[in-house]
Amino acid sequence: MSVVHEIVQTGVVDGRAARPLAVPKGGHELFVRDMTATFATDVSLARAWEMLAPHEQWLPADGDASLSFSELIGRNTTGPLRIGFGGWRDLLLGAQFYNGRGELISAGGRTLKNVAGYDLTKLMVGQCGGLGRLATVTLRTCRLPEFALCARFDPRRDVLTELLVGDCRPQWAALVKSDGIELLCGYLGDGATIDHLKPAIEAHGPSSVDRQSLAEDIELRRGIWCATAGDHWRISVPPARLLELLERLPRAAADATFGIAIVAGGLADARDMRGLVKAVGGAAWHYDSAGVHIPANTSAQGLLRKLKAAFDPDETFGKLKFLDEPAEGE
């Protein structure tokens, strides 16, 4: 395959002269042989899939595909696919973003090993526009899967470990709590791979193993991982205590391998959520339309304040938002 270069439009950014952008607004540039691609951050994930599909490539990312890269990366919608493909921090090879003074900063590049020093691209993941405004991103791609399997298990503590160390390692795994708790494991690949995996997975005792299309797999994960659907909490706990957390919640979804749970709810739940998360040795971040509220009393706060002063000293992008300090004696 030849390298593809497609740029949709040209022009200045926000009506003002700027250093050259890798691609302009709405633009993209595909490097098919390198399996990398550069997109303007107003491009949606669904549109990126459309651009990559003719070249049999795909971006393995969680989140609502109708949203832009700016929204998805800014809110760090990394979820169950992380086990097989990594999260936004792993997919992101390079980025261009504006700091609070309107300066365009370019970081990273098109290859996995391209620079020494600090990787500023990682700072853009999950910062909700508080440190910078993303303009372009360069991401690594993967082969486009043809089919998928979804296996459902009772949430035994050992079943996922058995799958991870054997020949049935899933590309994604999620714990889902509604009426009860269920472990879902997903597999992506070509037809021969899926046909080979199905009987091997069935030997581990799932309640069901369903073959489905890639589109059906995407829709299933989107329904599970509501990391952009209204007010929600992103909770990080030791993976060994994830089931304990889910048992205390009425509804939730969790990345079964990395100890991250997504729970719907507003800031009015902050006090109860703080106590619940403290009991299982974790931390909670709250996301809403105003951005991200950072946990109180964490060592990360001092570092975040320093980064804010470096990238947005005039608070052009707003102030950092911290969850309320716990009351005396909590």
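All of these numbers come straight from a predicted model, not from anything done at the bench. The chain is numbered in sequence order, starting from 1.
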Is it the case that atom CZ in Arg241 sees more than 12 heavy atoms from other parts of the structure closer than 6.0 Å?
yes
Heavy-atom count around Asp158 CG within 6.0 Å, excluding the residue itself: above 12?
yes
Side-chain donor-acceptor pair present, [X], [Y], cut-off under 3.5 Å:
| X | Y | answer |
| --- | --- | --- |
| Thr38 | Thr138 | yes |
| Ser66 | Asp64 | yes |
| Thr193 | Asp190 | yes |
| Asp34 | Thr36 | no |
| Thr257 | Asp255 | yes |

So, taking the atom named [atom1] in [X] and the one named [atom2] in [Y], what distance separates them when rounded to the nearest 0.5 Å?
| X | Y | atom1 | atom2 | value |
| --- | --- | --- | --- | --- |
| Lys308 | Asp314 | NZ | CG | 10.0 Å |
| Arg211 | Leu197 | CZ | CG | 10.5 Å |
| Ile224 | Asp62 | CD1 | CG | 9.5 Å |
| Gln57 | Leu144 | CD | CG | 9.0 Å |
| Gln212 | Leu188 | CD | CG | 8.5 Å |
| Ile105 | Tyr98 | CD1 | OH | 11.0 Å |

The test is salt bridge (Lys or Arg N to Asp or Glu O under 4.0 Å); show your working for Glu244 and Arg248 and say whether it passes.
CA-CA 7 Å; Glu244 182 182 349; Arg248 295 166 178 243; 3.4 Å; yes
Hey, can you tell me if Phe85 and Trp58 have their rings parallel, tilted or perpendicular (30° and 60° cut-offs)?
perpendicular
Relative to the ring of Phe311, is the ring of Phe97 parallel (under 30°), tilted (30 to 60°) or perpendicular (over 60°)?
tilted
Begin from the C-alpha positions of Leu72 and Trp88 and carry the test side chain to side chain contact (heavy atoms under 4.5 Å, CB included) through to its verdict.
CA-CA 9 Å; Leu72 295 169; Trp88 284 116; 3.8 Å; yes
Contacts of Asp167 that satisfy salt bridge (Lys or Arg N to Asp or Glu O under 4.0 Å) - sequence neighbours left out:
none
Find out whether Cys150 and Leu184 are in side-chain contact, i.e. whether some heavy atom of one side chain is under 4.5 Å from a heavy atom of the other.
yes
Show your working on side chain to side chain contact (heavy atoms under 4.5 Å, CB included) between Gln96 and Leu104 and close with a plain yes or no.
CA-CA 7 Å; Gln96 290 179 300; Leu104 182 63; 4.0 Å; yes
Side chain to side chain contact (heavy atoms under 4.5 Å, CB included) between His293 and Trp285, worked out
CA-CA 6 Å; His293 295 82; Trp285 303 63; over 6 Å; no
